[in-house]
Amino acid sequence: MKKSLGITALLLLSVLVFLAGCGKSTTTPANTASPGKAATTKKINAAYFVNGTLGDKGFFDSAQRGVKQASETLGIDVKTVEGGTNQADWPAGLESLASSGKYDVIVLGTSQMTDIIKDVAKRYEKQKFIFFDEAITGLPNVYSMTYSQNEGSFMAGAFAALVTTSTELKGANPEKVIGFIGGMDIPIINDFKAGYEQGAKYVDPAISVVASYVGDFANAPKGKELALAQYNSQKVDIAFNVAGGAGLGLLEAGNSLGKYSIGVDSNQNGLYPGSVLTSMVKSIDNSVLRALTLYSQDRLGFGKNEVLGIKEGGVGLAKDDLYNKNVPKAIQDKIMEIEDKLNKGEIKVQTTLK
């Protein structure tokens, strides 16, 4: 299987870092709403603060798609501000937007921005914020939305278990061992891991999970090194990327060895077709668009947090043409069955988060 991108090219295109400051900016121009588009009744200026850089082909890019869609369909002016690599610059980066008075609402996210937004939101009470991927409550100018990554990861774990026990996939070995590579050993990543383990053992209690952590979300060579160790020495035949840009190294490692992987956040199936069999998608783009739509209609619930799971379309597996082509029908059918049970509440996935 040919590699669609090498590790160097991927690094140039995507560095997911949960470290940010106020750096270069780009502007997404608002389109004049045409007939059939949901135009806003008032002019809205918004900003998207990226505590990192775009190009990760995952988390931040997904949110960017959401604000771009809001620009195109709602006529909202959106300015995207990319941060750098210095975590110490985060507070100044966000405060520069809040203090400018230019923006009706500021979109941002990630658990590592939680303390910063709490501080800035308290000091700029008139500024509205939309926050994704961490719960913020009790602040009347902040609306937050979280995603049931444990439910999405349950699906990924079930999928991995079905792959490692498959007799139809030539890259699967006889051992019931699957891999997990996280960016950092932090609560939200471990909630991914908990769901992944539950999903795997739902399919086969004998499945074991090998877990490794890169230590950040940017070091793709380290991600590749850890993945190669799992594939070559620890009997893993499919591994789950929960490491952002660092996890792109995992995807390349699996492809180079003829093994399998599962992407994360955005649909990464196309990076290595036939090797990346599916991706656990957090629909950040759709949820950001939804939040901005509700905001434009004065219906967004500031001061509250919403949890978006499988049932709400907040998380799930990427099922595109590549999935249909490369995943055996028996696995596809079983995944549909499990998803249906989750939707009906017949399967309850435990979370490690309070």
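All heavy atoms count here, side chains included; hydrogens, waters and symmetry mates do not.
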Any side-chain heavy-atom pair of Val203 and Ile338 under 4.5 Å: yes
Here the gap from Leu228 atom CG to Lys259 atom NZ, rounded to the nearest 0.5 Å, amounts to 12.0 Å
Could you check whether any side-chain N or O of Asn51 sits under 3.5 Å from a backbone N or O of Leu108, counting only pairs where one atom can act as donor and the other as acceptor? no
What verdict does the side chain to side chain donor-acceptor pair (under 3.5 Å) test give for Tyr213 and Asn190, after you've listed the backbone C-alpha separation in whole Å, the side-chain angles of each residue and the deciding distance to 0.1 Å? CA-CA 10 Å; Tyr213 297 89; Asn190 287 326; 2.5 Å; yes
Ignoring hydrogens and geometry, is there a side-chain-to-backbone donor-acceptor pair from Thr293 to Leu289 under 3.5 Å? yes
Whether Glu82 side chain and Leu54 backbone form a donor-acceptor pair below 3.5 Å: yes
I'd like to know if Asp119 pairs up with Arg123 as an ion pair, taking the criterion as any Lys NZ or Arg NE/NH1/NH2 lying under 4.0 Å from an Asp or Glu carboxylate oxygen. yes
Between Glu134 and Met113, does the side chain to side chain contact (heavy atoms under 4.5 Å, CB included) criterion hold? Intermediate values first, please. CA-CA 9 Å; Glu134 187 73 9; Met113 288 294 293; over 6 Å; no
Here's a test for you: under side-chain contact (heavy atoms from CB on, under 4.5 Å), which of Lys122, Lys128, Lys126, Gln127 qualifies with Tyr124? Gln127
For Gly152 versus Val315, what's the shortest heavy-atom pair and its separation? N-CG2, 3.7 Å
Just do the side chain to side chain contact (heavy atoms under 4.5 Å, CB included) check on Val163 and Leu169 with the steps written out, would you? CA-CA 7 Å; Val163 168; Leu169 291 166; 3.8 Å; yes
By side-chain contact (heavy atoms from CB on, under 4.5 Å), which residues pair with Glu125, not counting sequence neighbours? none
Applying the side-chain hydrogen bond (donor to acceptor under 3.5 Å, both in side chains) test to Lys176, which of Thr165, Thr164, Asp237, Asp204 qualifies? Asp204
Tyr231 side chain to Tyr260 backbone, donor-acceptor under 3.5 Å: yes
May I ask you to check whether Ser279 and Asn269 show a side-chain donor-acceptor distance below 3.5 Å? yes
More than 12 heavy atoms of other residues, nucleotides or ligands under 6.0 Å from CG of Asp321: is that the case? no
Can Arg290 and Glu306 be counted as an ion pair, charged N to O under 4.0 angstrom? yes
Check whether Asn219 reaches the backbone of Ala246 with its side chain - one donor and one acceptor, N or O, closer than 3.5 Å. no
Of all heavy-atom pairs between Val281 and Asn267, which one has the smallest distance, and what is that distance? CG2-N, 4.1 Å
Of the options Lys334, Lys319, Lys344, Lys311, which is the one that meets Glu339 in a salt bridge (Lys or Arg N to Asp or Glu O under 4.0 Å)? Lys319
Quick one: is the NZ or CZ of Lys79 closer than 6.0 Å to the six-membered ring centre of Tyr103, and within 45° of its axis? no
OG1 on Thr110 to CZ on Phe49, rounded to 0.5 Å: 9.5 Å
Asp77 bridged to Lys43 by N-O distance under 4.0 Å: yes
Would Ser153 and Met280 count as a side chain to side chain contact (heavy atoms under 4.5 Å, CB included) if you check the C-alpha gap in whole Å, the side-chain angles of each, and the deciding distance to 0.1 Å? CA-CA 7 Å; Ser153 293; Met280 199 292 275; 4.0 Å; yes
Between Arg65 and Asp61, is there a side-chain N and carboxylate O pair less than 4.0 Å apart? no
Do Thr352 and Asp191 have a side chain donor and acceptor closer than 3.5 Å? yes
Please verify the inter-ring angle class for Tyr143 with Phe302; under 30° counts as parallel, over 60° as perpendicular, anything in between as tilted. perpendicular
Stepwise side chain to side chain contact (heavy atoms under 4.5 Å, CB included) check, Phe217 with Ile189: CA-CA 11 Å; Phe217 294 89; Ile189 299 302; 3.9 Å; yes
Looking just at side-chain N and O atoms, do Asn241 and Gln268 make a donor-acceptor pair shorter than 3.5 Å? yes
Could you check whether the rings of Tyr196 and Phe240 sit parallel, tilted or perpendicular, using 30° and 60° as the cut-offs? tilted
